[in-house]
Amino acid sequence: MFVLDRKQSYGDRMFDRGVFRHVTPDMDREYWLDMMVYRYSPFEHARWTQAGGGLRFRTGSIERDIFAFKTTIRSTVPLDDDKKNYFSIEGVLQDDVQAKRSWLEMSYAHRLSSHHAVGIRHTFSAEKADLDLTSFYRYSSQKWGRAGVSLTVQNLYNDFIYQQLGIDAEVLDVLRTYDRNPYLVELHYSSPKRFALGGELIVGWQPGSRATFASQTTPSYQYREQERVHYIGAILEYRYDPVAVGLFLKRDASRLQRSSAGDSLSTDYRSHQTQQRIGAFAKGSWGNVRGEVYAFTGFYKDWQTGSAFETSVLERSIDFDTDQSGLHSRLLYEPDGWPYLGIEYFVFRRTLGPNPRALVNGWTSKYWDFGPSHYRVVGLLGYRFSRGSVVMGMGYDLDGDPVFTDRAPRRFDNGFFRFTLTW
């Protein structure tokens, strides 16, 4: 989503602190703990992806007067009686400190045989130059599992809109022209479910793209930009009903290079962001009691080097490094046909590098270097029905680290609500 829908992610075209928006100026020091609490767990997400379609909504407090929310709707319907042609939609409404997104993707798939299918997808949003076209191939069988490959041509209409149709300088002065268009290759594989041991792998790679940004009113204002992106996710799981255990890996990285191509500005720098997490998980049940836990360790790094930073959002060299680890454990009691009760325990720990404010100093006042680690207990009340679930939760702060030491710790630590409907 962050790779394809750039315009509606936080920041404008000059934002250079990573495609995946792991740090933004409005992100306070507890934001990632909040997201661990509010987001669906990996096990809930797995049930969602296996459904034919559905709608889900989550919201939670990130400031005293601000919610973060995300709504997703997806559906697939056959277009003929023999089910050889399918039409799918996926829509996302998101409003938080990483994106303000209103986004839709439509796709068509044709089954070549019982195991093979091909199709196309197209994104839709307000920014015409940010739309993307994807072609894909999928394979599926009970014996070998599921696999697929896709090729996305990003910002498909950029040069046609800005160079062929033209834009008045009063509307948009600095225009982007691609010397090498960006495209995204994605591969995925899921092992067959008939074995106790299984796994999944997804890899996305955007090779280096090249573009020139030039002013229509000041021809000497020009700079060149090169960008590369990749991400990978992998999981290995062993299932022995009602227990499942496994390992996972998540990694993403983006690199950006800018250099002056005219005399009206001075810019020559490189920016590189990487986040990586490896972890383990387990879940099980005993009667009406269900439990799950997952934990991870990893890092986030942001470097910026060069000799001139005029087009950067932070006009200086940067060396920001933070080790991260987290824990999410959940215990539920779910009587048949009744609401369920639960309790969760969350940990998000950060070990900041030698210069903890190297990234955020002068960019945000969110006090990242104060109380970098956070602990929270959450009480749950929910109900699960045949086509979905609803749950609300309230958090209790365990670390008691107020930013202003002359104030007492605020023990109420935000609330949230989630709703899921599938069909």
Side-chain angles (χ1 to χ4, degrees), residues 2-3 6-29 31 97-99 129-130 154-155 158 162 169 172-180 182 206-230 252-276 299-322 350 352-369:
F2 281 100
V3 174
R6 304 294 186 89
K7 181 65 176 181
Q8 298 183 99
S9 298
Y10 179 91
D12 56 20
R13 292 187 304 178
M14 307 307 293
F15 191 87
D16 52 10
R17 303 269 55 83
V19 170
F20 301 98
R21 303 310 198 258
H22 292 303
V23 179
T24 70
D26 296 330
M27 187 179 293
D28 70 20
R29 57 203 174 87
Y31 179 79
V97 300
Q98 291 179 280
D130 199 31
Q154 300 172 249
N155 305 337
N158 179 90
Y162 292 148
L172 184 64
D173 180 36
V174 179
L175 302 183
R176 175 181 59 195
T177 303
Y178 280 112
D179 307 305
R180 180 190 296 165
Q206 176 193 296
S209 63
R210 289 204 304 255
T212 299
F213 291 77
S215 169
Q216 299 187 78
T217 58
T218 308
S220 60
Y221 183 95
Q222 294 188 33
Y223 66 91
R224 296 187 181 94
E225 179 178 284
Q226 300 184 53
E227 182 188 68
R228 288 183 290 163
V229 178
H230 78 258
D252 60 65
S254 54
R255 297 172 181 262
L256 182 71
Q257 180 179 348
R258 287 178 179 161
S259 58
S260 300
D263 300 329
S264 293
L265 78 165
S266 177
T267 189
D268 185 9
Y269 71 96
R270 293 174 174 83
S271 173
H272 178 199
Q273 296 78 29
T274 301
Q275 178 165 283
Q276 179 173 294
F299 62 84
Y300 174 71
K301 296 183 179 181
D302 188 327
W303 302 278
Q304 182 164 288
T305 60
S307 57
F309 306 97
E310 187 172 339
T311 60
S312 176
V313 298
L314 287 170
E315 297 186 11
R316 62 174 184 268
S317 297
I318 295 171
D319 184 5
F320 180 79
D321 187 356
T322 171
R350 272 190 293 249
L352 300 176
N355 188 4
R357 304 203 75 186
L359 175 59
V360 298
N361 189 32
W363 195 35
T364 177
S365 58
K366 297 298 184 178
Y367 300 97
W368 276 51
D369 56 336

Which atom of P219 lies closest to which atom of Q222, heavy atoms considered: O-NE2, 3.0 Å
Only counting residues at least two apart or in another chain, list the ones meeting salt bridge (Lys or Arg N to Asp or Glu O under 4.0 Å) with R255. none
Specify the closest pair of heavy atoms between Q154 and V3, including all atoms of both residues, with the distance to one decimal. NE2-O, 3.4 Å
Would N155 and D130 satisfy side-chain contact (heavy atoms from CB on, under 4.5 Å), going step by step from the backbone distance to the final call? CA-CA 5 Å; N155 305 337; D130 199 31; 3.0 Å; yes
The reported gap from OH in Y269 to OG in S317 (rounded to nearest 0.5 angstrom) is 11.5 Å
Per the salt bridge (charged side-chain N to carboxylate O under 4.0 Å, His left out) rule, what does the pair list look like for residues 304-317, sequence neighbours excluded? none
Looking at CZ of R17 and CG of D302, how far apart are the two atoms once the value is rounded to the nearest 0.5 Å? 4.0 Å
Other residues, nucleotides and ligands only: do more than 12 of their heavy atoms fall within 6.0 Å of CZ on R176? yes
Please name the pair of heavy atoms, one in T311 and one in L265, separated by the smallest distance, quoted to 0.1 Å. CG2-CD1, 3.3 Å
Test log, rule side-chain contact (heavy atoms from CB on, under 4.5 Å), inputs L359 and L314: CA-CA 8 Å; L359 175 59; L314 287 170; 3.9 Å; yes
Who pairs with R258 by salt bridge (Lys or Arg N to Asp or Glu O under 4.0 Å), at least two apart in sequence or on another chain? D16, E225
Could you tell me whether the side chains of D173 and T217 share a donor-acceptor contact shorter than 3.5 Å? yes
Within the supplied structure, the quantity of interest is the number of heavy atoms (other residues, nucleotides, ligands) at a distance under 6.0 Å from D26 CG; does it exceed 12? yes
Taken to the nearest 0.5 Å, the spacing of R357 CZ from L352 CG works out to 10.5 Å
R224 versus S260, closest heavy-atom pair with distance: NH1-O, 4.3 Å
What's the verdict on side-chain contact (heavy atoms from CB on, under 4.5 Å) for F2 and R21, showing C-alpha distance, side-chain angles and the deciding distance? CA-CA 8 Å; F2 281 100; R21 303 310 198 258; 3.8 Å; yes
Just to verify, what does D321 make a salt bridge (Lys or Arg N to Asp or Glu O under 4.0 Å) with, not counting sequence neighbours? none
Kindly say whether Y221 contributes a backbone atom to a donor-acceptor pair with the side chain of S215 at under 3.5 angstrom? no
What's the shortest heavy-atom distance between R228 and P207, and which atoms? CG-C, 3.9 Å
Could you report the tightest heavy-atom contact between A211 and D179, atom names first, then the distance? C-OD2, 3.8 Å
So, using side-chain contact (heavy atoms from CB on, under 4.5 Å) as the criterion, who are the partners of Q276 when residues are at least two apart? L249, R251, F299
So, does Q216 use its side chain to make a donor-acceptor pair with the main chain of L172 at under 3.5 Å? yes
Calculate, to the nearest 0.5 Å, the distance between atoms CZ and OG1 belonging to F20 and T274 respectively. 10.0 Å
Quick one: pull up CG in D252 and CD in Q273 and give me the separation to the nearest 0.5 Å. 10.0 Å
Using the side-chain contact (heavy atoms from CB on, under 4.5 Å) rule, take H272 and K301 through it: C-alpha gap first, then chi angles, then the decisive distance, then the call. CA-CA 8 Å; H272 178 199; K301 296 183 179 181; over 6 Å; no
Just verifying a value: how many Å separate T212 OG1 and L175 CG, rounded to the nearest 0.5 Å? 11.5 Å
Could you label the plane-to-plane angle of the Y300 and H22 rings as parallel, tilted or perpendicular, counting under 30° as parallel and over 60° as perpendicular? perpendicular
Give the ring-plane orientation class for Y10 versus F15, where under 30° counts as parallel, over 60° as perpendicular and anything between as tilted. perpendicular
Check: R350 main-chain N/O paired with T322 side-chain donor or acceptor under 3.5 Å: no
List for me each residue that meets side-chain contact (heavy atoms from CB on, under 4.5 Å) alongside A308, sequence neighbours excluded, and say none if there are none. S266
Are more than 12 heavy atoms, taken from residues, nucleotides or ligands other than R270, located less than 6.0 Å from that residue's CZ atom? no
Would you check if E227 and P182 make a side-chain contact, meaning some heavy-atom pair closer than 4.5 Å? no
